[in-house]
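Indexing begins at 1, ligand by ligand and atom by atom, following the structure's order.
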Amino acid sequence: MNKNYDIENIFFKILTGKIPCDKVFESDHSLAFRDINPRAKVHVLVIPKKPYLNLEDFTLYADSLEKVDIFDCISKVVKKEKIMNDGYRVLTNIGEDGHQEVQHLHFHILGGQPLGGFIKKLLIN
Ligand code: 5GP
């Protein structure tokens, strides 16, 4: 486990059953559940079951089964939520500049409505 990983983070508590979640899908290595504060009609989070801090940590240390599994899980959620045809967005925030609030890797799946531009306005200067 990454030395910076904090087992008190909320997603680790969900994984260990300490707090509940609205589960959408579960596979051997990944879990998908609804975001508690949805930013779109469909807002599902997909997380690895093992403790990875962020995408960088996952890329470096997850094995190939876990890597395939998480993308398969995203695909299953998209099908389950029926957002394939109209489109959707997958994103992951990393670190301070990325505004990552929960320090356990998660992919946001957003859809069910038009999502607008990726970033509302230019942030530079
Ligand atoms: P981040 O900003 O780290 O990319 O996103 C963290 C996400 O986790 C936010 O969208 C937030 O609403 C969600 N979240 C925070 N606490 C909980 C919780 O206890 N349960 C669920 N289902 N989602 C949570």
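- With respect to the salt-bridge test (charged N to carboxylate O, under 4.0 angstrom), the residues Lys67 and Asp63 do not qualify.
- Closest approach of Gly112 and Ile83 over heavy atoms only: N-CG2, 3.7 Å.
- Donor-acceptor pairing under 3.5 Å is lacking for the side chains of Tyr88 and Glu81.
- A heavy-atom cutoff of 4.0 Å around ligand 1 is satisfied by the protein residues Ile10, Phe11, Ile14, Ile19, Phe33, Arg34, Asp35, Ile36, Asn37, Arg39, Leu45, Asn93, His99, Gln100, Glu101, Val102, His106, His108.
- Taking the centre of each ring, Phe11 and His106 come in below the 6.0 Å mark.
- Proximity of the aromatic rings of Phe33 and Phe25 is defined here by a centroid distance below 6.0 angstrom, and this criterion is not met.
- Using the six-membered ring where Trp is involved, His104 and Tyr5 have ring planes that are perpendicular, over 60° apart on the 30 and 60° scheme.
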